[in-house]
Amino acid sequence: MAHVFPVRVYYEDTDMGGIVYHANYLKFIERARSDWVATLGVDQRAMKDEGAVFAVRRVECDYLMAARFDDRLEVRTRTLSVTGARLVMEQEVWRAKDLIFSAQVTLVCINDAGQPSRLPANIRRLLH
């Protein structure tokens, strides 16, 4: 089941050509992931206080169509796989019935020293 996060394209999101600047799609999917984690009941501040944070390890993305100022978009997020230390997600940006951007994002958990660590057990349980 996918988590759905609405996004409205503002003028500041666009480039000189009037289309969404390519890096802003990464911002859109980041916001959607943060909302998805909160919806699961994960408190990222508490997680950080316990010495663990999520970090993006890899993003593979495809820009399929252009979004423009004032478009209403939807970011759909779903989990592809979860291991002890890694979470792989699919994130898609849709405008109505058109898929305009897709990404596969690999997240890892790191400790205060920036070293890899296991995903907290409560989070692994939520994702399975």
Side-chain angles (χ1 to χ4, degrees):
M1 184 117 174
H3 172 267
V4 177
F5 181 76
V7 172
R8 179 178 171 201
V9 176
Y10 294 102
Y11 182 76
E12 68 182 16
D13 297 320
T14 63
D15 62 15
M16 288 181 60
I19 61 174
V20 171
Y21 180 67
H22 73 280
N24 287 333
Y25 288 97
L26 299 177
K27 292 180 181 183
F28 298 161
I29 66 174
E30 175 70 33
R31 289 179 203 151
R33 282 194 311 276
S34 293
D35 190 70
W36 172 74
V37 168
T39 301
L40 288 175
V42 175
D43 182 344
Q44 290 191 77
R45 288 183 190 171
M47 198 174 137
K48 183 178 182 339
D49 291 343
E50 294 170 8
V53 295
F54 290 115
V56 173
R57 169 76 170 83
R58 183 171 197 275
V59 176
E60 181 178 343
C61 58
D62 289 308
Y63 299 87
L64 306 168
M65 297 176 75
R68 299 182 182 281
F69 170 70
D70 211 28
D71 278 353
R72 302 307 201 266
L73 308 175
E74 199 174 82
V75 180
R76 299 177 190 170
T77 302
R78 72 182 183 93
T79 304
L80 296 179
S81 67
V82 180
T83 65
R86 187 179 309 235
L87 169 61
V88 180
M89 311 178 81
E90 175 185 73
Q91 293 192 274
E92 298 175 332
V93 178
W94 290 78
R95 181 183 48 230
K97 295 180 181 181
D98 294 323
L99 175 62
I100 63 173
F101 174 87
S102 68
Q104 185 169 308
V105 182
T106 301
L107 301 173
V108 294
C109 197
I110 59 173
N111 62 24
D112 289 335
Q115 299 299 315
S117 65
R118 292 184 61 76
L119 290 169
N122 64 323
I123 294 172
R124 284 195 316 272
R125 279 193 298 277
L126 288 170
L127 298 174
H128 282 295

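FYI, side chains are in, hydrogens and waters are out, and symmetry mates aren't considered; it's all heavy atoms of this structure.
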Next on the checklist: Under the criterion side chain to side chain contact (heavy atoms under 4.5 Å, CB included), I'd like the reasoning laid out for Leu87 against Thr79: C-alpha separation, chi angles, the key distance, then a yes or no.
Outcome noted: CA-CA 7 Å; Leu87 169 61; Thr79 304; 3.6 Å; yes
Next on the checklist: Could you tell me if the side chain of Tyr25 sits less than 4.5 Å from the side chain of Val20, heavy atoms only?
Outcome noted: yes
Checklist entry - Quick check: does any side chain N or O of Asn24 sit under 3.5 Å from a backbone N or O of Asp13, one acting as donor and the other as acceptor? => result yes
Checklist entry - When clusters are formed by joining ILVMFWY residues with side-chain heavy atoms under 4.5 Å apart, either directly or through shared neighbours, do Val108 and Val42 land in the same one? => result no
Name each donor-acceptor pair under 3.5 Å that joins a side chain in residues 45-69 to protein atoms two or more places apart or in another chain, with its distance.
from: Arg58; atom 1: NH1; to: Glu60; atom 2: OE1; distance (Å): 3.2
from: Tyr63; atom 1: OH; to: His22; atom 2: O; distance (Å): 3.2

Checklist outcome for this item: Smallest heavy-atom separation, Arg76 atom then Ala2 atom, equals CB-CB, 4.3 Å
Checklist entry - Which value, rounded to the nearest 0.5 Å, describes the distance between Leu73 atom CG and Ile100 atom CD1? => result 4.5 Å
Item to check | With Arg118 via side chain to side chain donor-acceptor pair (under 3.5 Å) - residues at least two apart | outcome: none
Checklist outcome for this item: Contacts satisfying salt bridge (charged side-chain N to carboxylate O under 4.0 Å, His left out) that involve residues 89-100 (not counting sequence neighbours) are Asp71-Arg95, Arg78-Glu90
Checklist entry - Do you know the tightest heavy-atom contact between Ala85 and Ser117? => result CB-O, 3.7 Å
Item to check | Cluster link Phe101 to Leu80, ILVMFWY, side chain under 4.5 Å | outcome: no
Checklist entry - So if you build clusters from Ile, Leu, Val, Met, Phe, Trp, Tyr with side-chain heavy-atom gaps below 4.5 Å, do Val75 and Tyr10 land together? => result no
Checklist entry - When clusters are formed by joining ILVMFWY residues with side-chain heavy atoms under 4.5 Å apart, either directly or through shared neighbours, do Ile19 and Val93 land in the same one? => result no
Item to check | For Arg8, all residues meeting salt bridge (Lys or Arg N to Asp or Glu O under 4.0 Å), sequence neighbours excluded | outcome: Asp70
Checklist entry - So if you build clusters from Ile, Leu, Val, Met, Phe, Trp, Tyr with side-chain heavy-atom gaps below 4.5 Å, do Leu119 and Ile110 land together? => result no
Checklist entry - Can you name the side-chain contact (heavy atoms from CB on, under 4.5 Å) partners of Ala23, sequence neighbours left out? => result Tyr21
Atom pairs and distances, side-chain donor-acceptor, residues 30-39, under 3.5 Å, sequence neighbours left out:
from: Glu30; atom 1: OE1; to: Arg33; atom 2: NH2; distance (Å): 2.3
from: Arg33; atom 1: NH1; to: Gln91; atom 2: OE1; distance (Å): 2.7
from: Ser34; atom 1: OG; to: Glu30; atom 2: O; distance (Å): 3.3
from: Asp35; atom 1: OD2; to: His3; atom 2: NE2; distance (Å): 2.8
from: Thr39; atom 1: OG1; to: Asp35; atom 2: O; distance (Å): 2.8

